Amino acid sequence: MGAISLILHAHLPAVAGTPVEFWFHEALLGCYLPLTEVLRRARGPARLTLSISPPLIDMLTDAELLVRARAYIAAHCALAEQARAPELSRAAEAVARRSRAMLALFDELDGDLLTIWRDVRDAGRVELGTCAGTHAILPLLHTVDFRRMHIEHACERFAEHFGSRPRFMWLPECGFAPGVDALLNEAGVWATVVEARAFGEATVPPLHGKYAPVITENVAAFARDPESSARVWSGETGYPGDAAYREFHRDAGYDSPEDAVPDFIVDGERIPSAVKLWRVTGHDVSLDAKEPWDPDLASHTAARHADHFLRTIAADLGAASEEIGRPAHLCCAFDAELFGHWWYEGPTFLEEVLARSAEHEVDLVTPSDYLAAGPSLQVSRPAISTWGANGDFSWWVDESTTWIIPLLHTAEDRWLDARRRDGQSASLAEAARELMSAQASDWPFAIRGVRYAGLARRQIAQHVIAFDRLLSGRAGS
Amino acid sequence: MKTPGRTDDVNLPDAARALGRTRIEIVPRDASSVFVYWEVANLADDAAETPQATFDIDIRRESDDESGASFETQSRLDGQIVEVPAGERYYATLALRTGEGRRQLTRSSTLAGTMASVDEGQFVTVTAGDDGLETSDPQQPAGTSVRWDWKGTDSSNR
């Protein structure tokens with residue numbers, strides 16, 4: 001019939017010690033721990049691909065941050081177990097039961113998810129990869145030197161924790177431009193994902209479209225399938241928008257008086273408790289009119305959607321295979337945090353997809369599995385692109401964010417001038433790390449999103465100021 | 001556009017904003033626009049040093065060197081989004097307008113767009129080895145192309 005690669009890109013911006021550190025706590029509880037449970041329970045030949053960004057690796061190995069994360073999860077459990085109105089008791093019991101299980105898993109692993117992920121990788125259930133550097137969009141960087149640095153930094157961090165350099169590397173925001181492929185090849189990476197547009201606008205559009213990867217500078221580029229992505233990603237037309245699923249935007253913590261939720265007040269501001277007890281109900285239903293979440297209905301809906309996903313994929317692969325005269329392949333790539341954080345039932349959906357893919361004659365393979373079979377691939381260089389709106393860079397290159405570009409480009413030039421003049425040094429290396437932290441795509445993204453724009457601007461400024469001090473030899477002043 | 005480096009609520013060191021060199025750079029944005037920024041610095045030129053000095057910014061097509069968009073400015077450190085016709089590779093030039101005409105000061109590198117790779121189009125057999133992917137047995141494409149609406153559903157995450 002054909003095969004798909006189900007690729008999860010796990011990434012958070014570096015938020016430890018910031019007012020939005022709770023993003024990490026929420027993602028750990030909602031996504032990374034449940035995903036770990038799914039991977040540990042998985043049996044059979046179906047395999048996932050999990051990319052873990054260097055900033056996330058840093059946070060998952062930050063002992064003090066993990067202590068605070070555990071405290072958040074414990075407080076969340078206590079809030080979920082508080083007495084509720086009768087119509088919410090089933091929902092609260094289900095949330096509390098699952099969260100207690102995640103807390104128990106955290107304690108069993110002593111908070112060390114990377115080691116268990118390495119173990120499931122060695123047991124053959126997942127391919128692990130990483131993401132370039134600090135999540136900077138490589139085509140928007142000024143110099144090849146810094147693009148290379150981001151890729152090399154990612155390879156080194158990955159090797160530190162997983163014993164070898166990665167073969168699969170996620171490009172931040174799927175940001176690709178000619179030349180990035182050569183840099184990936186140079187680093188020993190042999191597979192990546194690009195947006196569908198990258199194939200559609202290639203100088204030689206691939207003969208098999210999205211149904212086979214192409215080879216460019218000895219790197220296999222897989223095109224993200226837009227149809228299956230929309231089916232899973234879209235909150236309006238996709239599965240997560242179903243009326244049965246848990247509503248993300250209504251948090252029980254906000255219904256409680258402040259003195260009842262001290263663990264969810266940071267710097268005088270409320271933060272989400274992740275205790276959510278209502279279901280989507282309908283797109284036109286206001287938050288205060290949402291109905292209580294029914295865990296059994298939600299679970300059955302997730303299983304039904306997994307079945308629909310596989311049936312639709314199987315039909316697509318079958319028709320395409322016949323058309324192109326070889327087994328077709330689709331790349332289904334998502335932010336990992338969709339599964340469990342944004343879409344509470346996402347891990348259930350994933351587990352069902354893994355368990356039932358064989359009965360639908362859909363092979364779940366990793367990029368390396370696909371390449372290990374010795375396929376015939378077309379040589380084609382993808383076009384410059386991202387997975388942003390319209391496949392371009394406009395989300396990050398906007399009137400509100402263009403000030404960032406010359407600022408950081410200037411810093412790259414200054415750093416390279418300093419290296420040519422003075423040679424490599426510890427302070428120069430540290431300056432590079434500060435600049436790379438400023439280059440994360442998360443900051444312009446947050447500025448566009450408005451709500452956390454001030455924090456994002458401050459993060460950029462702090463890193464640039466630290467960079468400047470290091471370069472000027474005034475570290476610590 | 002705000003002066004590069006200026007933000008609403010943080011103060012960045014002056015050195016962060018300028019490189020001290022005359023330069024112009026062009027950055028990809030979308031199908032019909034690019035972002036261009038420039039700096040004019042340390043010119044040993046009386047005309048350039050007058051406060052009223054005017055500079056021409058020109059976004060030119062690499063294929064025929066024709067201008068896709070142009071504007072003039074007196075700002076020595078700035079940038080802006082510029083609309084350009086789609087589907088081309090561009091570079092930018094920065095020129096000083098003098099009494100005798102225009103004098104180009106510098107040009108940018110060419111914006112990376114779509115560049116053909118060597119042997120593009122043919123099929124190769126891929127082998128995954130310890131040293132990476134190897135390719136062999138180049139063949140011309142066979143079979144029919146697949147019908148695929150790549151613009152299809154907008155599944156963008158942003």
Side-chain angles (χ1 to χ4, degrees), chain A residues 139-140 177-179 188 190 196-197 199-204 207-211 215-216 218 226-227 229-230 233 320 323-325 335 371-372 374-381 383-384 387-390 392-395 397 399 402-403 405-407 409-410 413 454 457-458 461 464-465 468, chain B residues 1-13 15-19 25 27-31 33 35 37 39 79-81 112-128 132-135 137 139 141 143-148 150-158:
Chain A
L140 292 183
W190 67 27
R197 176 183 182 159
F199 276 28
E201 291 190 337
T203 50
V204 177
L207 194 70
H208 299 147
K210 63 182 181 179
Y211 295 105
I215 189 86
T216 174
N218 276 24
E227 277 75 29
S229 295
W233 178 262
E323 194 168 352
I324 65 177
D335 283 339
L371 295 171
S376 172
L377 300 184
Q378 189 170 18
V379 178
S380 176
R381 172 162 267 168
I384 185 170
W387 76 348
N390 304 313
D392 60 40
F393 298 85
S394 56
W395 187 266
V397 184
E399 292 291 352
T402 50
W403 62 270
I405 296 170
L407 177 72
H409 283 195
T410 298
D413 279 331
R457 286 193 291 267
R458 284 190 295 277
V464 169
I465 289 169
D468 182 64
Chain B
M1 193 209 97
K2 295 177 183 175
T3 298
R6 179 179 299 157
T7 68
D8 292 338
D9 51 1
V10 292
N11 290 315
L12 287 159
R17 298 191 173 97
L19 191 58
E25 294 295 345
V27 173
R29 185 170 186 269
D30 64 20
S33 67
F35 173 66
Y37 70 89
E39 178 180 355
Q80 67 184 64
I81 294 170
T114 304
M115 291 167 11
S117 64
V118 175
D119 301 325
E120 198 155 7
Q122 64 182 358
F123 277 71
V124 294
T125 301
V126 171
T127 307
L133 292 184
E134 294 174 5
T135 63
D137 304 329
Q139 305 150 25
T144 56
S145 64
V146 69
R147 286 182 298 275
W148 172 44
W150 66 267
K151 293 182 183 176
T153 307
D154 178 13
S155 63
S156 63
N157 288 348
R158 308 285 183 255

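Protein chains get the first letters and strands the later ones, always in sequence-line order, with residue 1 at the start of each. Computed from a prediction, not measured in an experiment: that's the story for all the values here.
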Do side-chain atoms of A:S380 reach the backbone of A:V204 as a donor and acceptor pair under 3.5 angstrom?
-> yes
Under 4.5 Å heavy-atom distance to chain A, tell me which part of B:V126 shows up: side chain, backbone, both or neither.
-> both
Between A:G188, A:G374, A:P139, the one whose heavy-atom pairs under 4.5 Å with chain B are most numerous | A:G374
Do any N or O atoms from the side chain of A:Q378 and from the backbone of A:H208 form a donor-acceptor pair under 3.5 angstrom?
-> no
Could you have a look at A:I405, A:D413, A:V397 and say which one has the most heavy-atom pairs with chain B under 4.5 angstrom?
-> A:V397
For A:D392 and A:S394, indicate whether the former's side chain and the latter's backbone hold a donor-acceptor pair under 3.5 Å.
-> yes
Are A:E323 and A:Y211 side-chain neighbours, meaning at least one heavy-atom pair lies under 4.5 Å?
-> no
